[in-house]
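Data block below; observations after.
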Amino acid sequence: IPASSTKTIYVYYGNPNATSLSNGDNTFIFFDDFSSGSLSKWTSVSGATVVDDGTGNYVVELTPGYIIKGVPHSDVSLDFKYQIKAVGSYGPRLDAQIRRSDANNFYGGRNEVGAYDYGHKIFKYVAGTFTKLADNDVITYTLNVWYSNYVRAFGFSISALIAQGPAISAKDTTFSSGTEIGFATWDTGNRLWLDDIRLRKYTSPEPTTSIGNEETLIVSNYIYTQSQ
């Protein structure tokens with residue numbers, strides 16, 4: 001859809017014989033809902049396994065560990081579902097990483113509730129050196145609850161929502177693009193689940209949508225007879 005334009009999209013429903021064309025791989029830059037039961041889409045994996053969440057749905061479990069995917073990107077939103085299952089001695093920890101080129105260079109959104117630091121933060125690693133770009137010490141979480149979260153980059157703006165939030169933002173000019181995304185947790189005793197990971201193109205502000213009135217599709221049936 002061209003910028004600053006309007007597009008009308010019709011959605012038809014109610015046909016039980018229709019074939020679903022839903023395909024996350026064709027929709028997003030990168031997609032994994034772990035329905036395959038494997039981590040075959042990921043480039044590098046350590047301390048991660050695919051498990052059944054008890055409802056027949058597969059998720060990835062980090063205990064602690066990481067998953068890394070090689071995928072070139074620039075202005076994106078890394079959307080994901082996150083659930084804290086168990087907490088170690090220093091509290092739950094999660095890094096969601098974008099514009100990453102290697103283990104020492106990337107932006108990240110972090111949930112950290114521990115003895116040495118506390119809060120929800122945006123940070124960068126540059127040549128292995130950690131720098132906090134923004135944080136909010138007002139952060140809460142509940143075990144065994146799914147949170148819909150994200151880390152985003154658009155130009156020099158970085159934003160993140162981890163666990164219950166709140167959302168925070170920062171500006172930085174260090175990285176304009178990356179070749180990897182990643183997730184990590186650390187410290188003995190920490191265990192978390194991730195699901196529905198989607199890397200998508202992002203612009204700010206995002207397009208807005210509105211739902212029009214429902215219309216009824218009228219299908220006419222005609223019977224033709226031929227005179228002899």
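When a residue number appears, it is its place in the shown sequence, counting from 1.
Residues P72 and I29 approach most closely at O-CG2, 4.5 Å, considering heavy atoms. Here the closest non-hydrogen pair linking S35 and Y58 is O-CD1, 3.8 Å. Nearest heavy atoms, L78 versus F183: CD2-CZ, 3.7 Å. Residues T179 and S101 approach most closely at OG1-CA, 3.7 Å, considering heavy atoms. The heavy-atom pair separating A134 from S169 by the smallest distance is CB-O, 3.4 Å. Residues A48 and L39 approach most closely at O-CD1, 3.7 Å, considering heavy atoms.
F175 pairs by the ring pair (Phe, Tyr, Trp, His ring centres under 6.0 Å) definition with Y107, not counting sequence neighbours. Remark: S5 engages no residue in a side chain to side chain donor-acceptor pair (under 3.5 Å) (not counting sequence neighbours). Under the salt bridge (charged side-chain N to carboxylate O under 4.0 Å, His left out) criterion, D195 pairs with no residue at all, not counting sequence neighbours. In this structure K41 satisfies the salt bridge (charged side-chain N to carboxylate O under 4.0 Å, His left out) test together with D25, sequence neighbours excluded. Here D52 pairs with nothing under the salt bridge (charged side-chain N to carboxylate O under 4.0 Å, His left out) rule; sequence neighbours left out. Under the rule for a ring pair (Phe, Tyr, Trp, His ring centres under 6.0 Å), the partners of F30 that lie at least two apart in sequence or sit in another chain are W42. Not a single side chain to side chain donor-acceptor pair (under 3.5 Å) links K69 to another residue, sequence neighbours left out. For D187, the salt bridge (charged side-chain N to carboxylate O under 4.0 Å, His left out) partners two or more places apart in sequence, or in a different chain, are R93. By the side-chain contact (heavy atoms from CB on, under 4.5 Å) test, S77 pairs with D79, Y150, R152, R200, Y202, sequence neighbours left out. Taking the side-chain contact (heavy atoms from CB on, under 4.5 Å) definition, one finds that E61 meets it with T49, V51, T63, R191, W193, sequence neighbours left out. N144 is linked by a side chain to side chain donor-acceptor pair (under 3.5 Å) to K85, counting only residues two or more places apart in sequence or in another chain.
Under the 4.5 Å side-chain criterion, counting only non-hydrogen atoms from C-beta, T203 is not in contact with D75. Side-chain contact between I197 and I67 is present, with at least one heavy-atom pair separated by less than 4.5 Å. Y66 is not listed as a side-chain neighbour of D95, based on a closest heavy-atom distance of 4.5 Å or more. The side-chain heavy atoms of L194 and Y82, taken from C-beta on, include a pair separated by under 4.5 Å. Residues I84 and N111 meet the side-chain proximity criterion, which asks for heavy atoms closer than 4.5 Å. Under the 4.5 Å side-chain criterion, counting only non-hydrogen atoms from C-beta, W186 is not in contact with L62. In this structure the side chain of Q164 never reaches within 4.5 angstrom of the side chain of V145, judged on heavy atoms. Looking only at side-chain heavy atoms (C-beta outward), F123 and F106 come within less than 4.5 Å of each other.
For N149 (side chain) and K81 (main-chain N/O), no donor-acceptor pair under 3.5 Å exists by modelled atom type. For the pair H73 (side chain) and R99 (backbone), a donor-acceptor distance under 3.5 Å is present. Panel note: side chain N190, backbone G88; a donor-acceptor pair is recorded below 3.5 Å.
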Quick one, T131 with V126, criterion side-chain contact (heavy atoms from CB on, under 4.5 Å). Give me CA distance, side-chain angles, the key distance, then yes/no. CA-CA 8 Å; T131 302; V126 180; 5.9 Å; no
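Both Y147 and V87 are assigned to one and the same hydrophobic cluster, defined by single-linkage of ILVMFWY side chains at heavy-atom distances under 4.5 Å. When the side chains of ILVMFWY residues are joined at heavy-atom separations under 4.5 Å, either directly or via intervening members, I168 and L94 end up in a single hydrophobic cluster.
I158 CD1 to I122 CD1: the interatomic distance, rounded to the nearest 0.5 Å, is 7.0 Å. In this structure, the separation between CD1 on I181 and OG1 on T43 is 9.0 Å, given to the nearest 0.5 Å. Note that the OG1 atom of T129 and the CG atom of N105 stand 9.5 Å from one another [nearest 0.5 Å]. Interatomic distance, N136 CG to I162 CD1, rounded to the nearest 0.5 Å: 12.5 Å.
A parallel orientation is assigned to the rings of F31 and F28, their planes being inclined by less than 30° (bins at 30° and 60°). Taking the six-membered ring where the residue is Trp, F130 and Y125 present perpendicular rings, their angle passing 60° and hence far from 30°.
Hydrophobic cluster membership for V11: none, as no Ile, Leu, Val, Met, Phe, Trp or Tyr side chain comes under 4.5 Å of it.
The closest side-chain donor-acceptor pair between S20 and S22, if any, does not fall under 3.5 angstrom.
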